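Right, I'll just put the structure down here and ask away after.
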Amino acid sequence: MSVSYMTHPLIRHKITLLRKESTSTNEFRKLVEEIAMLMGYEALSDLETQEINIKTPLEESKQPVISGKKLAVVPILRAGLGMVNGILALVPSARVGHIGLYRDPVTHEPHEYYCKLPEPIDQRQIVVVDPMLATGGSAVAAVDYIKEHGGQKIKFMSIIAAPKGVETLMKAHPDIQLYVGALDRELDDNAYIRPGLGDAGDRIFGTK
Ligand SMILES: O=P(O)(O)OC[C@H]1O[C@H](OP(=O)(O)OP(=O)(O)O)[C@H](O)[C@@H]1O
Ligand SMILES: O=c1cc[nH]c(=O)[nH]1
Ligand SMILES: [Mg+2]
């Protein structure tokens, strides 16, 4: 089990801006993308490399490149979509899968409505992205789905998490690597993260 909490001052600063009620939809979208890129830089620091032969203008040389099958970024819809371009800025050739889940407003249980993963998924490094890890129900369902389809090397990135979400996800899937931008205090009676930032999907897409 591994959980990494981001400490970089730029990430912390941008998450504070993200939380503010006065942050516009346009600014919110940009911040989510920037934070995803900064978190991705940290989360991908253990990507495997291999040496290849290249020729500089001066000589032949052996130099490292990322090895293995193309990475798969898998956003949990909708809000996870806001993080995709941040990861693609770092790894432009990554493949993109989608897992469509919405949380029932009363039971808070996740409901699946669309899933498509890049094939073959088993040898790829997979990075699941969702800005909010609240009860952990959506994250567990997404990782369940990926594993049922053969995914093995799984990282999960969330910008804001509640203690309950971290505990639930790591209990259900102790083999994954979890990266959290900020760990918040608690969930409220509607299973919203406090202090949080409200509904990430609505703020990214301007639907409220
Ligand atoms: O940890 P949980 O309790 O499952 O909550 C977190 C989920 O809730 C939000 O999605 P939401 O259901 O609002 O869908 P949306 O992204 O389409 O707005 C969020 O983006 C996560 O996917
Ligand atoms: O605080 C929360 C909890 C779930 N989903 C959100 O978008 N925000
Ligand atoms: Mg939402």
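Indexing begins at 1, ligand by ligand and atom by atom, following the structure's order. Since this is a predicted model, take the numbers as computed values, not measurements.
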By atom name, which N, O or S atom belonging to Asp199 lies closest to the Mg ion (ligand 3)?
OD1

Measure the CG-CG distance between Leu31 and Asn26 for me, rounded to the nearest 0.5 Å.
9.5 Å

Taking atom types as modelled, is there a side-chain donor on Ser61 or Gln63 under 3.5 Å from an acceptor on the other?
yes

Measure and list all N/O to N/O distances between ligand 2 and the protein that fall under 3.5 angstrom.
residue  : atom  : partner : partner atom : Å
ligand 2 : 1 (O) : Ile193  : N            : 2.8
ligand 2 : 7 (O) : Ala200  : N            : 2.8
ligand 2 : 8 (N) : Gly198  : O            : 2.8

Asp130 side chain to Ser158 side chain, donor-acceptor N/O pair below 3.5 angstrom
no

Check whether Arg103 reaches the backbone of His108 with its side chain - one donor and one acceptor, N or O, closer than 3.5 Å.
no

Min N/O separation Gly136 to ligand 1 under 3.5 Å:
yes

If only atom types and distance count, is the side chain of Arg95 paired as donor or acceptor with the main-chain N or O of Val74 below 3.5 Å?
no

For the 3.5 Å polar cut-off, considering only N or O atoms, please tell me whether Asp202 and ligand 1 meet it.
no

Crowded around Phe205 CZ? As in, over 12 foreign heavy atoms under 6.0 Å?
yes

If we count only N and O atoms by modelled type, under 3.5 Å, do the side chains of Lys153 and Gln125 hold a donor and an acceptor together?
no

Starting from atom 13 (O) of ligand 1, locate the nearest protein heavy atom and write down its residue, its atom name and how far away it is, to 0.1 Å.
Asp199 OD2, 3.7 Å

Return yes when at least one protein heavy atom is under 4.0 Å from atom 9 (C) of ligand 1, and no when none is.
no

For Thr135, the atoms of ligand 1 under 4.0 Å from one of its heavy atoms are 1 (O), 2 (P), 3 (O), 4 (O)

Please determine if Ala134 has a nitrogen or oxygen closer than 3.5 Å to a nitrogen or oxygen of ligand 1.
yes

Can you name the atoms of ligand 1, numbered from 1 with element, that are less than 4.0 Å from a heavy atom of Arg78?
15 (P), 16 (O), 17 (O), 18 (O)

Do me a favour and list the nearest non-hydrogen protein atom to atom 5 (O) of ligand 1 with residue, atom name and distance?
Arg103 CD, 3.2 Å

Looking only at protein heavy atoms, identify the closest one to atom 6 (C) of ligand 1 and say how far it is in Å.
Met132 O, 3.5 Å

Are Pro75 and His98 side-chain neighbours, meaning at least one heavy-atom pair lies under 4.5 Å?
yes

dist Leu183:CG -> Tyr5:OH (nearest 0.5 Å) comes out at 5.0 Å

Which pair of non-hydrogen atoms, one from Asp184 and one from Arg194, has the smallest distance, and what is that distance?
CB-O, 3.5 Å

For the 3.5 Å polar cut-off, considering only N or O atoms, please tell me whether Ser138 and ligand 1 meet it.
yes

Please confirm if an N, O or S atom belonging to Asp202, backbone or side chain, lies less than 2.8 Å from the Mg ion (ligand 3).
no

Sub-4.0 Å protein heavy atom near atom 22 (O) of ligand 1:
yes

Are Asp144 and His173 close enough, and set up right, to give a side chain to side chain contact (heavy atoms under 4.5 Å, CB included), and what steps lead you there?
CA-CA 8 Å; Asp144 282 346; His173 295 293; 2.9 Å; yes

Does His13 NE2 have over 12 foreign heavy atoms under 6.0 Å away?
no

Under 3.5 Å, is there a donor-acceptor pair between the Thr207 and Arg78 side chains?
yes

For atom 14 (O) of ligand 1, what's the nearest protein heavy-atom neighbour? Residue, atom name and distance, please.
Leu101 O, 4.0 Å

N/O to N/O below 3.5 Å, does that happen between Tyr102 and ligand 1?
no

Could you tell me whether a side-chain N or O of Lys14 sits under 3.5 Å from a main-chain N or O of Glu34, the two making a donor and an acceptor?
no

State the atoms of ligand 1, each with its element, that fall below the 4.0 Å cut-off from a heavy-atom position in Gly201.
18 (O)

Look only at interatomic distance and state if Asp130 has a nitrogen or oxygen under 3.5 Å from any nitrogen or oxygen of ligand 1.
yes

Going by the order shown, which atoms of ligand 1 are within less than 4.0 Å of some heavy atom of Ala79?
16 (O), 20 (O)

Between Met39 and Gly181, the two heavy atoms sitting closest are CE-N, 3.5 Å

